[in-house]
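Nothing here was measured: the structure is a model prediction, and the numbers come from that model. The analysis underlying the following values was restricted to heavy atoms, covering all of them including side chains, and did not include hydrogens, waters or symmetry mates.
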Amino acid sequence: MMFTLPSRTPVPTAMLCLMLLVVGCFADNMTIHHPIQLNMKTWQHSSTQTEYYTFNLTNPWAVAFNGAKPILQEVGPYVYSNILQKGNITWRGDTVRYTYKESWKFNRDATPAHLDPNKDMISIPNIAFNSLVYGYETNTLGPLSVFKGLIPVWYNYWKHTLCSPFVNFTVEQVLFGYEDPLLVRICKDTGQHCNTTHVYLQQNNSPVTWNHTTVQKSGASSVYEATRLVEWGGHKSYAWWAGAAQHKLGGSDGLLFRPYWRINDTMSVFNGVVFRPLDFIYGKSISYAGGKLEGWRWVPDPKDFQNATENPANAQYYQYGKAGVLNITSTASGVFGFPLSSPLFESYPYFYLSDPWYAKQVELKLVNPNWKPQEVLTWLDMQPKIGYPLDHQLSIQLSIPMYVNSTAFKGWNQRSGIYFPVFWGKDTRKVTSEETTTVMQEVEKCNGRPPPRPPALH
């Protein structure tokens, strides 16, 4: 869910939607080399359901010029099929290499009749201009630094049009990208070569990902290495984080899991939205098939959402604000086709489990004011002995803080630093009865067979 860069893949949203790579009992010297035949097609081409809810700012001018509290009307759900295709699959030694493409297809039948993502307009923060203001304030304009003195001029000239603090686009455009008129004008006026004049929070059906390889361990050398990421979207490291974090790829992709899990294990899942591994811990046991099959529910480790004061290790991810949000600003470069960051943060929907400060800054008018926490949480179920993924629910909200009170941008009276939710999505998967039967058969084969010895540090 990124803006595009020439050297960076538009990254999938890491919705937990694929089938297991392998299934069964493994000995130390056994090789994990291919998906089970029954689910080969599903592994290569799978689909889950994603519900999107957008937030329409209903009082933009009062917010911008009178300092009013933002009133955000939730609109949704817009239901899409999230489709992930894998291609160019190659087995090399103890790794499997592949490319992928992610797309979303609108599900008219599952979406309320009065909603149409191609017609419904919503008001959101002006991401392009907010990025310019942020770059101006933090001296992170990159190649645009030579034009820094022009930015206040652009604002004064276009503050009621191209540089308006809020803009209107259709839901479809907000979800999957739009050509921004401010970017078009800036690229023309500055003579800069812009690889894109579009803003993407997600990119639908991008062909670019087919050109970048993802590599995972197959488990040939050790079953405990199975599914660990070695390369993601053509990258082996991520230099926009600080210190050792930039080299911390690792973890599964959240779609495949190794076998033989223990309750005290930490399951690391590389999140393609935030470009870093996030840890999951054991939550509880879940029964499937009328109690005939045991699954374990894994939930995000709360420490990943702590700020740097509560958890100093998160300083490498620039989490210096209030707790409960993940700062992905440094990964959101490339609005103009060259490095320029847009302030961007990820959290649970409605800032659930975040510092209360975030939710108090805005007034949310929700589709379901009586929502329950379990409706917005993230979790995944998995059969621990063979590592087979079962049901899952993944909920993510994207928010943009506005920086507009600089002395260089007079005329706005909006309070700076308010986090505006733009949209949130919930991806779900339900295991089929056919899968459940297969998993029970494979678990039965494992009964009575001891697992291989785990590594000393695992």
Side-chain angles (χ1 to χ4, degrees), residues 1-2 53 55 57 63-64 67-72 74 124-125 127 130-131 133-140 165-166 201 240-243 245 271 273-281 299-333 341-366 371 373 375-378 394-406 412-426:
M1 301 168 74
M2 294 294 105
Y53 295 81
F55 293 97
L57 181 63
V63 171
K69 187 175 186 178
I71 300 174
L72 294 152
E74 184 182 34
I124 64 170
I127 297 174
N130 193 48
S131 301
V133 174
Y134 177 78
Y136 183 94
E137 296 283 358
T138 59
N139 292 314
T140 55
F166 303 101
L201 294 179
W240 45 83
W241 297 127
N271 187 308
V273 179
V274 300
F275 289 93
R276 55 177 278 201
L278 297 175
D279 290 338
F280 282 69
I281 56 177
V299 297
D301 191 333
K303 69 177 178 58
D304 284 332
F305 290 84
Q306 294 175 333
N307 60 25
T309 300
E310 299 169 321
N311 181 9
N314 284 341
Q316 60 192 338
Y317 300 116
Y318 311 117
Q319 291 182 200
Y320 297 114
K322 298 182 185 297
V325 298
L326 302 179
N327 185 356
I328 56 176
T329 299
S330 62
T331 72
S333 301
S341 292
S342 171
L344 196 61
F345 288 77
E346 178 185 319
S347 69
Y348 283 113
Y350 317 138
F351 297 112
Y352 180 60
L353 298 181
S354 299
D355 189 291
W357 178 88
Y358 294 103
K360 289 179 180 178
Q361 303 306 304
V362 297
E363 180 180 343
L364 298 179
K365 294 184 176 295
L366 304 180
W371 61 278
E375 297 170 350
V376 300
L377 288 173
T378 288
L394 176 65
S395 300
I396 294 174
Q397 176 179 289
L398 285 185
S399 301
I400 297 175
M402 295 282 284
Y403 297 94
V404 294
N405 66 348
S406 169
W412 285 357
N413 293 313
Q414 176 186 325
R415 292 171 292 162
S416 182
I418 295 176
Y419 285 64
F420 286 82
V422 178
F423 70 82
W424 71 275
K426 178 168 68 176

Is a donor on one side and an acceptor on the other found under 3.5 Å between the side chain of S395 and the backbone of T378? no
Report yes or no: does K69 contribute a side-chain atom to a donor-acceptor pair with the main-chain N or O of K360 at less than 3.5 Å? yes
Heavy-atom pair of closest approach, residues [X] and [Y]:
{"X": "P401", "Y": "L344", "value": "CD-N, 4.3 Å"}
{"X": "Q397", "Y": "S399", "value": "NE2-OG, 3.2 Å"}
{"X": "T138", "Y": "Y134", "value": "OG1-O, 2.6 Å"}
{"X": "P349", "Y": "V376", "value": "CD-O, 3.5 Å"}

[X] vs [Y] side-chain heavy atoms within contact, under 4.5 Å:
{"X": "W424", "Y": "F55", "result": "yes"}
{"X": "Y348", "Y": "P300", "result": "yes"}
{"X": "R276", "Y": "D304", "result": "yes"}
{"X": "P302", "Y": "I281", "result": "yes"}
{"X": "N327", "Y": "N314", "result": "no"}
{"X": "S347", "Y": "Y419", "result": "no"}
{"X": "Y358", "Y": "V325", "result": "yes"}
{"X": "V299", "Y": "L377", "result": "no"}

Can you tell me how far the [atom1] atom of [X] sits from the [atom2] atom of [Y], to the nearest 0.5 Å?
{"X": "L57", "Y": "I71", "atom1": "CG", "atom2": "CD1", "result": "8.5 Å"}
{"X": "K322", "Y": "E310", "atom1": "NZ", "atom2": "CD", "result": "10.5 Å"}
{"X": "T309", "Y": "Q319", "atom1": "OG1", "atom2": "CD", "result": "11.0 Å"}
{"X": "L326", "Y": "L278", "atom1": "CG", "atom2": "CG", "result": "6.0 Å"}

Would you call the rings of Y318 and Y320 parallel, tilted or perpendicular, where under 30° means parallel and over 60° means perpendicular? tilted
Verdict with supporting geometry, F423 and I124, side-chain contact (heavy atoms from CB on, under 4.5 Å): CA-CA 10 Å; F423 70 82; I124 64 170; over 6 Å; no
For V63 and F420, run side-chain contact (heavy atoms from CB on, under 4.5 Å): C-alpha distance rounded to whole Å, both residues' side-chain angles, the deciding distance at 0.1 Å, then the answer. CA-CA 12 Å; V63 171; F420 286 82; 4.2 Å; yes
Residues at least two apart in sequence or cross-chain that pass salt bridge (Lys or Arg N to Asp or Glu O under 4.0 Å) with K365, listed by chain then number, are E363
Might you work through the side-chain contact (heavy atoms from CB on, under 4.5 Å) test for M402 and F166, ending with a clear yes or no? CA-CA 10 Å; M402 295 282 284; F166 303 101; 4.1 Å; yes
Determine whether the side chains of Y350 and E74 contain a donor N or O and an acceptor N or O closer than 3.5 Å. yes
Please step through side-chain contact (heavy atoms from CB on, under 4.5 Å) for the pair E346 and L398, ending with a clear verdict. CA-CA 5 Å; E346 178 185 319; L398 285 185; 4.3 Å; yes
